[in-house]
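Everything below concerns the one structure shown next.
Reckoned from all heavy atoms, side chains included, excluding hydrogens, waters and symmetry mates.
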Amino acid sequence: MAKSQPRPEAGQRLLLAAVVAAGLLVLASGALLFYAFNYRPHGAANTPLSAMIGGKFSLVDQNGKPFTDADMKGKWQLVFFGYTHCPDVCPTTLNELSLAFGKLGSAAASKMGVIFISVDPDRDTPAVLKDYVSSFSAPVTALTGTATQIAEAAKDYRVYYAKHPTKDGGYDMDHSALIYVMDPEGRFTATFAPDDPADKIAERMKKLLS
C-alpha cells in the first residue's frame, strides 16, 4: 500500500508560521532596543547591548595631544563621526548638541562632553579641527589620526564612511551620522539621530544623568 504524501498546503503553512515567528522576534528585539535607548532610565547600560558599540582607540585631539578611549571615562560622552568639509549634517548636529548643553544648565553640562571623530584624516589636521570646533559652544574634543586608526575606531562604533569624488576633482565623505551616548564608564548607553532637536537631546540626557 503506497504511503500518503504530505500535502503541499501543510508545508506552506509551516513555512509561513516560521516566517511570522521570525518577524515577531525581529519586532520584539527592535521594541526592546527602542525601549532601552529611549525610555529605560539608564539606557542600554548594564545590558548585553552595551557591548555592541565602542572599543579601544588611539587618536590625536585638536591640540595635537594623544587621546584614547580611556580619556573618555569620567564623563558622559556624545560620540559623533563626521568631517569639517561636511556641508550640512555635521555642523547642524554639532549646533543642536551645543543648544542641548545650554538647555541642561551648567551643573548637568559639566558632566558631559562631545567627541567628534573625523572620517577625513587627509584634510582634517588637528589645526583644522581646532578652528572648526571653536565655532560651537559645546565642549567638543575633535579627534583625528591615520587612516588605519580612524578605520579601527569607526569599525568599533559600527560607522560607515567612504570617499565620494566630486565633479570638480575634489571629494565629499559619505558617512553614517548616529550620535552614540557613552556613560562615564565608557559603556554604550543610547543613541540620537542626527536630526534630533536640542529639546529632545536635553530631555533624554536629563533622564540618563538622574
Side-chain angles (χ1 to χ4, degrees), residues 32-47 49-55 57 59 61-63 65 67-84 86-119 124 129-144 153-154 156-159 175-210:
L32 287 172
L33 283 168
F34 182 82
Y35 174 78
F37 292 157
N38 294 284
Y39 295 105
R40 191 173 182 272
H42 299 292
N46 294 318
T47 75
L49 299 176
S50 63
M52 292 174 57
I53 301 294
F57 65 78
L59 298 169
D61 69 14
Q62 69 263 42
N63 296 310
K65 296 181 179 180
F67 191 98
T68 73
D69 54 288
D71 295 308
M72 292 173 56
K73 296 182 178 180
K75 284 189 174 184
W76 289 85
Q77 303 286 359
L78 281 64
V79 182
F80 176 67
F81 286 71
Y83 67 115
T84 62
C86 181
D88 41 38
V89 174
C90 300
T92 299
T93 299
L94 289 172
N95 185 61
E96 288 300 317
L97 291 178
S98 296
L99 293 173
F101 271 69
K103 293 176 180 295
L104 283 166
S106 58
S110 66
K111 300 176 182 178
M112 298 168 48
V114 176
I115 306 294
F116 178 70
I117 302 178
S118 173
V119 295
D124 286 346
L129 287 171
K130 187 171 186 176
D131 181 65
Y132 182 72
V133 299
S134 67
S135 302
F136 305 98
S137 59
V140 183
T141 299
L143 303 178
T144 189
D156 285 338
Y157 279 85
R158 308 295 189 269
V159 169
H175 63 95
S176 51
L178 280 178
I179 302 163
Y180 300 100
V181 182
M182 312 298 284
D183 75 7
E185 295 181 32
R187 299 173 302 181
F188 169 55
T189 302
T191 61
F192 292 116
D195 58 351
D196 280 342
D199 287 339
K200 180 178 179 179
I201 295 171
E203 181 181 356
R204 181 65 176 118
M205 288 309 303
K206 285 178 182 178
K207 293 179 181 178
L208 290 171
L209 288 164
S210 61

Could you tell me if the side chain of Thr141 sits less than 4.5 Å from the side chain of Gln77, heavy atoms only? no
Is there side-chain contact between His175 and Cys90, with at least one heavy-atom pair below 4.5 Å? yes
Got a donor-acceptor contact below 3.5 angstrom from the Gln62 side chain to the Ser134 backbone? no
Output, in order, the C-alpha distance, side-chain angles, deciding distance and verdict of side chain to side chain donor-acceptor pair (under 3.5 Å) for Thr144 and Asp124. CA-CA 7 Å; Thr144 189; Asp124 286 346; over 6 Å; no
Would you say Ser98's side chain and Phe136's backbone share a donor-acceptor pair under 3.5 angstrom? no
Is there a donor-acceptor pair closer than 3.5 Å between any side-chain N or O of Thr92 and the backbone N or O of Val89? no
Parallel, tilted or perpendicular for Phe67 and Phe57, by the 30°/60° rule? parallel
With rounding to the nearest 0.5 Å, note down the distance linking CZ in Phe80 to OG in Ser176. 9.0 Å
Under 4.0 Å between a Lys/Arg side-chain N and an Asp/Glu carboxylate O for Lys65 and Asp61? no
Rounded to the nearest 0.5 Å, the CD1 atom of Ile179 sits from the CG atom of Leu97 at a distance of 4.5 Å
Can you tell me how far the CE atom of Met72 sits from the CZ atom of Arg187, to the nearest 0.5 Å? 13.0 Å
Are the side chains of Met205 and Val181 in contact, using a 4.5 Å heavy-atom criterion? yes
Between Ala138 and Val114, what is the shortest heavy-atom contact and its length? CB-CG2, 4.3 Å
Nearest heavy atoms of Pro87 and Tyr83, plus distance in Å: CD-OH, 3.9 Å
Please report the closest heavy-atom contact between Ala100 and Ala202, naming both atoms and the distance. O-CB, 3.9 Å
Tell me, do Thr189 and Trp76 make a side-chain contact under 4.5 Å, heavy atoms counted? yes
Check: Pro197 main-chain N/O paired with Glu96 side-chain donor or acceptor under 3.5 Å: no
Give, for atom CG of Asp69 and atom CG of Leu59, the distance between the pair rounded to the nearest 0.5 Å. 9.5 Å
Does the side chain of Tyr180 come within less than 4.5 Å of Ile115's, by heavy atoms? no
Give, for atom CG of Leu208 and atom CD of Glu203, the distance between the pair rounded to the nearest 0.5 Å. 11.0 Å
Crowded around Lys75 NZ? As in, over 12 foreign heavy atoms under 6.0 Å? yes
Is any side-chain heavy atom of Leu94 closer than 4.5 Å to a side-chain heavy atom of Tyr132? yes
Any side-chain heavy-atom pair from Met112 and Leu209 closer than 4.5 angstrom? yes
For Ala109 versus Leu104, what's the shortest heavy-atom pair and its separation? N-CB, 4.4 Å
With a 3.5 Å distance limit and no angle check, can you tell me whether Arg158 reaches the backbone of Asp156 through a side-chain donor-acceptor pair? yes
Rounded to the nearest 0.5 Å, how far does CG of Leu78 lie from CE of Met182? 10.5 Å
